Every structure is written in structure tokens, then in C-alpha cells.
Number of protein chains: 2
Amino acid sequence: MHKKPKQPDQGKISPGFRGRIWIDGKEGTFLGYGRIILLERIRECGSITKAAKSMEMSYRNAWELVDSMNKQSSRQLVETATGGSGGGGAILTDEGEKAIKLFWEFHEDFQNFLRREENKLMLSKSTQQGKIKNKGR
Amino acid sequence: MHKKPKQPDQGKISPGFRGRIWIDGKEGTFLGYGRIILLERIRECGSITKAAKSMEMSYRNAWELVDSMNKQSSRQLVETATGGSGGGGAILTDEGEKAIKLFWEFHEDFQNFLRREENKLMLSKSTQQGKIKNKGR
DNA sequence: GAGCGTAATATACAAAAAGGAATAACGTTA
DNA sequence: TAACGTTATTCCTTTTTGTATATTACGCTC
């Protein structure tokens, strides 16, 4: 039983370069880290209720996020059904899969960007303080 | 009289790729967008009070940010004086200047990163839907 | 020593965001 | 038709966050 993915691997270790990214839609945030985790959990769990519980998120919050994402996309990312066998449920659409993929690519690029920035800083520091052992070339 | 720089040029236009960056220190955030603007205003105004007013920030908030930055750096970014001619004031140190420069470089690189990501998406979309007019090669 | 404008700090208040709990509606299943 | 587990929605409480206000201390100027 896994829990609490909320925080991207970034924000905690300190010190260093940090950041958060998201994708905006017509009405504000469309895709963000928490939303993507939620989509993945819905895919695994088959319902918003179970997905929310699995990540210690209130159903209310989870539902609002799903609603927000669906409203901001021409095609639904999650299809829901009330009633029926098992009481209903939620499934991830192909569009939802695309969203997950899109965001993780963005996310990975960003992680690499942060690493490059830290390296850049280290280099500039060593060449600055440096000249300590300026081995000719 | 200028005001309200609070929001980076990013977060509003929508839709698209967005993000925020900051630099962490020992006790959490060390440098961020608002903090840098504050440092610049302190440099211009010569006091925390005036700097805070100029950007519609409460003195309390501004003071806490300055305190946080100073505590997390081996050298103060802002030197303050209570009493004295004019009642005191605050001046930006060389270390403060360095901080501003460091953050803006980070910020600029990040803006470029976001642009590259958007271009990347546009390209992948056009080659995907494309084949509409696949002109040879 | 009185006056000045600032830093520094504490207290109380207000607005906003987040969370919890309760309820209705829904469509299968038995 | 009764039961079930889920979606969908509302209301209220709690927590957080920010702001406004007031007070003290400070060191120069006059």
C-alpha cells in the first residue's frame, strides 16, 4: 500500500535549485503533478473514491480535479459512471493516457534542466574561486 | 509609480507550459521571485518600509523575507540600521547584488526552457497530425 | 532632551483555502 | 424492491495565510 506521492522529488532536500511546473488550460491549471498522479491511480483503481483514498486525498478534492481536467479538454480524460455494477466507477481514456505521457515528458525535461543549472553554477564557482590549480591547459 | 510585480510574467496568459522556480537554503526557500523584487526595491528605496509599500507588501512580510534571506546566507544580503539620520534604513550588500544576478540568470534560462518545451510540443503535433502534406523530406 | 522615521516585534483580526461530514441520485444485482 | 458502492453536491468547520494595528527600541538631528 503506497501513499503520499504529493511532493515531486524536488522540493525537499535543499539547498539547491527547485521548481514546479504545470500546464495551464482555459480556466487555470489543467495538468500538474498531483493531477497526473491522480490519473494514474484512477487507472489502477477504477474509481475516484479508491484512487483518492490510495493517495490520502479527499474524494471532494479528487472529484474537483477530475472535473477541472475534463472541462478543460475537448475530450474527457476520465469517464465516470454512477450506479451500475459496483456502484459505478471511473476509467482513464486514451486522452487521459496522452495527458500522462505529455506531462511526464515535460517533467523529465525539467528535472534535467534543474540538474544542468546546478552544474552550471558549480562550474562558474570553481572557475571563479579556482585559478587555485590552473593546470595550463 | 510602479506596483504589483508579484506575478512572474508566466502564470496568467494560459494555456501553455508554466512553472515557478526558486532556490532553497537551509531552512526552505532562500531566493524566489518575490524576494528578488523586494531586494531590488530595497536597493532603490533605501528602506524596508518604503520598499514594501512600493510593491504593496506589508512591512511584516517584507521584514520576514529579508530576515529569512539573511539568516540563510553566510553573508547578509541586506544590512539594516535602526535609528540614526532618517530613522535608519536598509541597504543592499554585494552579496545581495550577487543573489539578484544569480536568480535572474536562473529565471532567464527557465523562460527559455519553457519556450523550447512549447516549440517541442508544436513540432510533435504537426508531424503527428501531419502527413497531410508530407512534402518528400 | 524632544522629535523624527525607521527597524523590530507582538497581538488581534479578516480573508481565503482546505478539509470533513452528510446527503441525494444513480443503475446494476439479487 | 431492497441493497450496494459509487458519483455528484452541499454545508459547515477547521486550518492556514495574510493583513492591519500597535508598541518598543534605536540613533541621529536640532
Side-chain angles (χ1 to χ4, degrees), chain A residues 3-7 11 20 22 27-29 32-35 37-39 41-73 76-93 96, chain B residues 3-7 11 20 22 27-29 32-35 37-39 41-73 76-93 96:
Chain A
K3 290 194 175 183
K4 283 241 176 192
K6 278 188 177 179
Q7 284 289 63
R20 294 190 184 204
W22 66 91
E27 304 170 16
T29 302
Y33 188 86
R35 290 170 185 234
I37 300 292
L38 177 60
L39 290 182
R41 294 298 175 90
I42 288 173
R43 176 175 53 191
E44 297 167 14
C45 302
S47 83
I48 297 177
T49 299
K50 287 175 188 161
K53 276 178 187 162
S54 84
M55 56 192 291
E56 287 186 340
M57 179 183 279
S58 69
Y59 172 82
R60 183 171 170 264
N61 189 8
W63 183 87
E64 281 174 353
L65 294 181
V66 169
D67 184 57
S68 166
M69 288 186 277
N70 276 342
K71 279 195 298 189
Q72 295 190 65
S73 174
Q76 287 194 326
L77 308 193
V78 173
E79 277 175 3
T80 61
T82 95
S85 77
I91 62 166
L92 194 66
T93 67
Chain B
K3 289 195 176 182
K4 284 241 176 191
K6 278 187 177 178
Q7 284 289 63
R20 296 191 183 202
W22 66 91
E27 305 169 17
T29 302
Y33 189 86
R35 291 170 185 235
I37 300 293
L38 177 60
L39 290 182
R41 294 299 175 90
I42 288 174
R43 177 175 52 190
E44 296 167 14
C45 302
S47 82
I48 297 178
T49 300
K50 287 175 188 162
K53 276 179 186 162
S54 83
M55 54 191 293
E56 288 186 340
M57 178 182 283
S58 67
Y59 172 82
R60 182 171 172 265
N61 190 8
W63 183 87
E64 282 174 352
L65 294 180
V66 169
D67 185 56
S68 165
M69 288 186 277
N70 276 341
K71 279 196 297 191
Q72 296 191 63
S73 173
Q76 287 195 326
L77 308 192
V78 173
E79 278 175 2
T80 60
T82 93
S85 76
I91 63 168
L92 194 68
T93 66

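Numbers restart at 1 for each chain; the letters A, B, ... are given by sequence-line order, proteins then strands. Quick note: numbers below take in every heavy atom, side chains included, and nothing from hydrogens, waters or symmetry partners. Please read these numbers as outputs of a predicted model, since none were measured by experiment.
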>> Could you tell me if A/R35 and A/T29 have a donor-acceptor pair between their side chains, going purely by distance under 3.5 Å?
In response: no
Quickly work out the [X] [atom1] to [N] [atom2] distance and round it to whole Å.
{"X": "B/Q76", "N": "C/dA7", "atom1": "CD", "atom2": "P", "result": "14 Å"}
{"X": "B/I48", "N": "C/dG5", "atom1": "CD1", "atom2": "P", "result": "18 Å"}
{"X": "B/E64", "N": "C/dA10", "atom1": "CD", "atom2": "C1'", "result": "11 Å"}
{"X": "A/K53", "N": "C/dA21", "atom1": "NZ", "atom2": "C1'", "result": "13 Å"}
{"X": "A/I91", "N": "D/dT7", "atom1": "CD1", "atom2": "C1'", "result": "14 Å"}
{"X": "B/M57", "N": "D/dA20", "atom1": "CE", "atom2": "C1'", "result": "16 Å"}

>> Whether the side chain of A/Q72 engages the backbone of A/E27 through a donor-acceptor N/O pair (distance < 3.5 Å, no angle test) should be reported.
In response: yes
>> Please compare B/R60 and B/K50 by the position of their nearest nucleotide in DNA chain C and report the one closer to 5'.
In response: B/K50
Of all heavy-atom pairs between [X] and [Y], which one has the smallest distance, and what is that distance?
{"X": "A/I48", "Y": "A/A62", "value": "CG2-CB, 3.9 Å"}
{"X": "B/W22", "Y": "B/G32", "value": "CB-CA, 4.2 Å"}
{"X": "B/T93", "Y": "B/E79", "value": "CG2-CG, 3.7 Å"}

> Does B/S47 place a side-chain N or O at less than 4.0 Å from the phosphate oxygens OP1/OP2 of C/dG5?
Replying inline: no
> Taking only N and O in the side chain of A/W63, is any of them less than 4.0 Å away from OP1 or OP2 of D/dA8?
Replying inline: yes
>> Any base atoms under 4.0 Å from B/T49, or only sugar-phosphate, or nothing? Heavy atoms, all strands.
In response: sugar-phosphate
> Is the closest side-chain heavy-atom distance between B/L92 and B/V78 below 4.5 Å?
Replying inline: yes
> Picking from C/dG19, D/dT19, D/dT7, which would you name as closest to the side chain of B/S58?
Replying inline: D/dT19
> What string of B, S and - do you get for nucleotides 24-30 of chain D, 5' to 3', if B is base contact, S is sugar-phosphate-only contact and - is no contact with any protein heavy atom under 4.0 Å?
Replying inline: --BBS--
